[in-house]
Amino acid sequence: MDILNQFGVQPILLAAQVVNFLILLFILKRFMYKPLLKVLEERKRKIADGLKNAEEIERKLIETNEKMDLMITKASSEAQKIRDESRKEAAVFIEETKSKGEKIAADIIKKGGESLKLEKEKMEVEIRSSLSELVMVALQKVTGKTLSKKDEKEMIEKEIKKLS
Amino acid sequence: MHEIVLKPEILGYFKSLPITNTLLVGWITIIVLALFSFVATRKVSLIPSGLQNLFELVIDFGYGTVEELSGEKRAKVFFPIVMTFFLFILVSNWMGLLPGFSTITFEHQPLLRSMNSDLNMTLALALISAFLTHTFAIHYLGILDYLKKWFSLNPIFLFVGFMEIVGEFTKIVSLSFRLFGNIFAGEVALLTIASIFAFVIPLPFYFLEIIVGFVQAAVFMMLTLVFMVLLSRKHEAH
């Protein structure tokens, strides 16, 4: 062991270094490896979770988009249907109103015609009576005498008949 | 400038424990590493910053390497030891390059000397490495399987086993002398160059020593790890 002597190896120094190493091992284990490995593990887990979540979100987004597209097409087809229906209804309504209006107009025209006829007849009657009076007066003036009521009437009527 | 000596210089005695300059540097290294780890993990947050970030990088890389070689279960056991070897050797190697080492004197002796330029320190590390390696082997294999690694009824394998026992001692020697030799040679080279011309010219050698310091720490760490993994693995049936 002469060679060890030459290098100055002493058991007590070896022991001191072993103690050094053990102290350092303890300190580093307690204050460096443990907390750092823990945080590394935690971060790894968090990242994994985050990636999983991101995937989930992406999937959901796609799903939602699909759903939205479906809903839009459904809604637009429904809207188309509603529009068609309302158009049809409107056409029917217009048709109905038109026919109703025509009927009403026809009625009005008819009624107007009737009342006109009535008026005409009334006027005719009026004219006739006034005419008879006029004729009477004229006759009195011409004949110079008053006719009996009976004669008068007969004559007037005869005249009127001739007139009309 | 003092002459080159293999033995570490003894600064004084604490009872019967000789305080050598390398031992002193060992203590300083421990204090520095302890301070760094305190500061780095004082406020551990999920979003890393500053020192935490740096040490996370180192720890993550180290743990990844250990896990890859030894599997998740054993990594938890191997990692702290292997990583401590790495950090201890790396920091002490790099500290040995700081100005003041082997220039500041105390009672005509250099006060500071790179830790691993003393065989005591490297041999102690190698012995710890070997001791732990065999302890783990016994722990994982059981004493019977462990002994079967070395002893066999078949004379050829008995001889192989004997060779392997010799190999185990060689491992200790190679681990300790590799580290010691590299760092000691670096010290000598730096001293020699600096004594020839102290400006600019030593710079490339300093860069070299930075690399050597890292490489030696990594080699020690990897070898220890590989020995641990290999020895605690079940022997294939012959």
Pick one of side chain, backbone, both or neither for B:I81, based on which atoms fall under 4.5 Å of a heavy atom in chain A. both

Within 6.0 angstrom of A:Q80 CD, more than 12 heavy atoms from elsewhere: yes

Nearest 0.5 Å, please: how far is OG1 in B:T122 from CZ in A:F7? 9.0 Å

Measuring from atom CG of B:L57 to atom CG of A:L40, what distance do you get when rounded to the nearest 0.5 angstrom? 9.5 Å

Would you check, one step at a time, whether the test side-chain hydrogen bond (donor to acceptor under 3.5 Å, both in side chains) holds for B:S37 with A:Y33? CA-CA 9 Å; B:S37 60; A:Y33 306 148; over 6 Å; no

Sub-4.5 Å side-chain heavy-atom contact between B:L125 and A:V18: no

Heavy-atom cut-off 4.5 Å, strictly under: side chain, backbone, both or neither for A:I12 against chain B? both

A:L25 portion near chain B, given a 4.5 angstrom heavy-atom threshold: both

A:V92: which residues meet the side-chain contact (heavy atoms from CB on, under 4.5 Å) condition with it, sequence neighbours left out? A:E96

Contact check, side chains of A:L28 and B:M83, non-hydrogen atoms, under 4.5 Å: no

Tell me, for B:Y63 versus chain A, whether the close heavy atoms (under 4.5 Å) come from the side chain, the backbone, both or neither. side chain

Does A:F31 offer a backbone N or O that forms a donor-acceptor pair with the side chain of B:T41 under 3.5 Å? yes

Hey, what do you get for NZ (B:K7) to CG (A:N5), rounding to the nearest 0.5 Å? 6.0 Å

In terms of heavy-atom proximity below 4.5 Å to chain A, should B:F177 be classed as side chain, backbone, both, or neither? side chain

Chain A contact via B:L123 - side chain, backbone, both or neither, heavy atoms under 4.5 Å: both

Using the rule given for side chain to side chain contact (heavy atoms under 4.5 Å, CB included), can you reason through B:E56 versus A:R43, listing the C-alpha separation, both sets of side-chain angles and the distance that settles it, and then say yes or no? CA-CA 11 Å; B:E56 262 184 22; A:R43 188 172 313 134; 2.8 Å; yes

Contact check, side chains of B:L33 and A:L24, non-hydrogen atoms, under 4.5 Å: yes

Under 4.5 Å from a heavy atom of chain A, the part of B:A34 involved: both

Spatial distance of atom CG (A:L14) from atom CG (B:L119) [nearest 0.5 Å]: 8.0 Å

Proximal component of B:T22, with respect to chain A [non-hydrogen, under 4.5 Å]: neither

So what's closer than 4.5 Å to chain A heavy atoms on B:F85: side chain, backbone, both or neither? both

For A:K34, is it the side chain, the backbone, both or neither that has a heavy atom under 4.5 Å from a heavy atom of chain B? neither

Backbone of A:Q10 reached by a side-chain donor or acceptor of B:N120 within 3.5 Å: yes

Let me see the working for A:Q17 and B:I128 under side chain to side chain contact (heavy atoms under 4.5 Å, CB included), right down to the final yes or no. CA-CA 10 Å; A:Q17 176 72 342; B:I128 296 167; 5.7 Å; no

Do A:L13 and B:P18 come close enough that some side-chain heavy atom pair is under 4.5 Å? yes

Working for side chain to side chain contact (heavy atoms under 4.5 Å, CB included), residues A:M32 and B:F55: CA-CA 8 Å; A:M32 181 126 89; B:F55 279 101; 3.3 Å; yes

